[in-house]
There are 2 protein chains.
Amino acid sequence: MQTFAYLSHKVTIADIARKLSIAPATVSRALNGHPAISEKTRKLVEKTARKLQYKRNNIASSLRSGKSNLIGVIIPSAEINFFGSVVHGIEKLANEKGYNVLIYQSNESNEQERKGLETFLHARVDGILVSIAKDTTEYDHFLDIREQGIPIVFFDRAKEELDIPAVVVDDFKGGYAATEELLKQGYKRIAHISGPAHMDVFKKRLQGYQAALKAHKIHFDLQLVVEGYVSIGSGQQATEQLMRLPEPPDAIFAVEDFTALGVLKQLKAMGKKVPQDIGVVGFANEMFGEHITPSLTTFDQQTVTMGKEATDLLLQLLDSSSKTIAQQKIMLEPIPVIRESSQRKK
Amino acid sequence: MQTFAYLSHKVTIADIARKLSIAPATVSRALNGHPAISEKTRKLVEKTARKLQYKRNNIASSLRSGKSNLIGVIIPSAEINFFGSVVHGIEKLANEKGYNVLIYQSNESNEQERKGLETFLHARVDGILVSIAKDTTEYDHFLDIREQGIPIVFFDRAKEELDIPAVVVDDFKGGYAATEELLKQGYKRIAHISGPAHMDVFKKRLQGYQAALKAHKIHFDLQLVVEGYVSIGSGQQATEQLMRLPEPPDAIFAVEDFTALGVLKQLKAMGKKVPQDIGVVGFANEMFGEHITPSLTTFDQQTVTMGKEATDLLLQLLDSSSKTIAQQKIMLEPIPVIRESSQRKK
DNA sequence: TTGAAAGCGCTAACAC
DNA sequence: GTGTTAGCGCTTTCAA
């Protein structure tokens, strides 16, 4: 029951074949640049196709070839700038390479993440790109997918133990650099508001923070690390807690920008001046950081590049000919974006 | 050449049928809840399907039924919060109803917008949701799609003349309310930084602005309207121009939040106090507005609702049984979000 | 270099 | 209530 079929008969390769008195197979070959087709036939077919406004039916093509040319992408939330930007990179490369992109938002829920994978299985996507949801602490659903023979690549939120290819930012280095930036500015007692410990991204930033302290021979005070849950409210709460310490910190490295925003809000509410009294550094380079007062020092995660690299990796995996992938793990450099919130000296 | 086909033989309805010694068609019917199938058979088929881990091949199903269960969505940019949020609404409803969502970003370019439509045609989407790109001034590509019999619905950035169903915010009302809010606060000389005049959204906000002035018997001064191009830079530039007037404004209604952000930045650079010296109102309720200083008064566009309504409209269009659509044009109320930037009194 | 024929997995029309 | 048959539009052997 084709809706509106009467309006425009869909032209097929059979139509072209009939018109030219050749076989449909020949038309197909000509249209797909098969080498064993004469230049003359090819031109003729192409011209006729254009004239008849032929459009290849991807669905039929997919059914026959077993390739859908679809890539599924699961992101935690489209409302976070960061992911929107990564998707931009994914789409750009994917479209160039003839793939379409299906998006599914997990909303940080494990259940919805699983649903997304299920949906993608149904849609017969050729490969899947995932940034893991915050609530996900079990990973069997990803392994299931891999067992089905569908390539997966993680981006940003990866899980190392699974041995699934991934494109991430060097979070350890980022955490290290963030801490060092504060030390360089003369802050002495640096706190860290971390994210859920089960997530690699946040764990590594914490490790970077610890390593930087150690390198600078600063005693690691456990009281100065508060585990947050990656949100403005969490940043506010953690800040309150930190500032109530007998020896409060003089700088805070927040695990990402939303948390950092919470920190700034709370400090303002408490009448503390940033960066004079307290230094603040975030992570992710979310858009708002540039526009708030004081502007937020942070680290850029090369979002568009991340999307492209992840797609490129997936495409390699899809290309069965390349059995060996160049690199299973790609680390992007976090790029420091130094702004007011950390600049005590100047 | 099915990659990894050796790893997991894909089970089909034929497998189930064989196992139960019934016809494939019966299996299909049972799985699709066909009424004329006995409860007993249905249960049996369902159980077997589960046991064999059967997954319907959507592609085959699409080819046969002529329905892809795919909805294509074209947005100008995934990096604008507003669109991310609308997509959220679209996805939610679409997924509930068994549709998958393809996303394409036009990046405000007419060429890419056309490419997106072309891509969707190839992918045989059942319907298309579009928010028009800034650079688009000709609309034949949309009409072409409609002629192909593929339903389109616009959201937010619509074009009235085309007579294509749309879900938009009542921009006239919003422009009116924004202006009135400033008047209520005692501002007398209100400027407006508009957007490209060819776009309905911006044109209507301008008309709302003019109507509000008129209603309050305020002379409309053409000098106080500057056409911007919807960006921070544009807001800065326009503000500079406005403030250089012999009689500069004491309030600015910016056509959307990014422009408003530019206004605030420029005013700050000029040493003007907001809202004491000058009042500012934006539009769209972008995330940053809440967090900047001063926080930005703006109008919320009910993004998630917008996405849902647009999808609902499209779904109605797809459901051929309902020849008459309830409403071809849906207007959402802009919701005032009053913050510091406009609050002179208090 | 091209054609004929088969079939991807599913659903719908028509039987019974 | 279920089976039979055909075919969606394409690609891919195999044969010529």
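Note that these values count all heavy atoms, side chains included, but never hydrogens, waters or copies made by symmetry. Order of the sequence lines sets the chain letters (A, B, ...), proteins ahead of strands, with each chain counted from 1. Just so we're clear, the structure is a prediction, and the values are computed from it rather than from any experiment.
- Pairs of residues two or more places apart, or lying in two chains, that qualify as side-chain hydrogen bond (donor to acceptor under 3.5 Å, both in side chains) and include a residue from residues 82-91 of chain B are A/Gln105-B/His88, A/Gln105-B/Glu91, B/Ser85-B/Thr303.
- If you take CD1 of B/Ile13 and C1' of C/dA12, they are 12 Å apart, rounded to a whole angstrom.
- Considering every non-hydrogen atom in both B/Ile59 and A/Arg124, the closest pair reads CD1-CB, 3.7 Å.
- Between A/Ile22 atom CD1 and D/dT11 atom P there is a gap of 14 Å when expressed in whole angstrom units.
- Considering only side-chain atoms of B/Thr26, the nucleotide from C/dG3, C/dT11, D/dT2 that sits closest is D/dT2.
- Separating the CG atom of A/Asn58 from the C1' atom of D/dG9 is a distance of 11 Å, rounded to the nearest angstrom.
- The minimum heavy-atom distance linking B/Leu70 with B/Tyr99 is given by the pair N-CD2, 4.0 Å.
- One can place NZ of A/Lys55 at 13 Å from P of D/dC10, the figure rounded to the nearest angstrom.
- Using a 4.0 Å heavy-atom distance criterion, B/Ile59 is classed as making no nucleic acid contact.
- Nucleotides of DNA chain D nearest to B/Ala25 and B/Arg124 differ in position, and the one nearer the 5' end is that of B/Ala25.
- Phosphate contact (OP1/OP2 of C/dT11, side-chain N/O of B/Ser65, threshold under 4.0 Å): absent.
- In this structure, NZ of B/Lys10 is placed 16 Å from C1' of C/dC10, rounded to the nearest angstrom.
- A salt bridge links B/Asp200 with B/Lys159; the closest basic N to acidic carboxylate O contact falls under 4.0 Å.
- Between the CG atom of B/Leu63 and the C1' atom of D/dA6 there is a distance of 13 Å, given to the nearest Å.
- With sequence neighbours excluded, the residues satisfying side-chain hydrogen bond (donor to acceptor under 3.5 Å, both in side chains) with A/Thr136 are A/Asn110, A/Glu113.
- Applying a 4.0 Å cut-off to non-hydrogen atoms, the residues of residues 29-41 of chain B that approach DNA chain D are B/Arg29, B/Ala36, B/Ile37, B/Ser38, B/Thr41, listed by residue number.
- Between B/Glu39 and B/Arg42, at least one side-chain N (NZ, or NE/NH1/NH2) sits under 4.0 Å from a carboxylate O, which counts as a salt bridge.
- Electrostatic pairing of B/Lys97 and B/Asp312 does not count as a salt bridge here, judged by no charged N lying under 4.0 Å from a carboxylate O.
- Remark: B/Ser61 is not in phosphate contact with C/dG9, judged by side-chain N or O atoms under 4.0 Å from OP1 or OP2.
- C/dC8 atom P lies 11 Å from atom CG of B/Asp15, rounded to whole Å.
- Closest contact between the side chain of B/Arg64 and the listed nucleotides C/dT11, C/dC8, C/dA4 involves C/dT11.
- The distance from atom CG of B/Leu20 to atom P of D/dG3 is 10 Å, rounded to the nearest whole Å.
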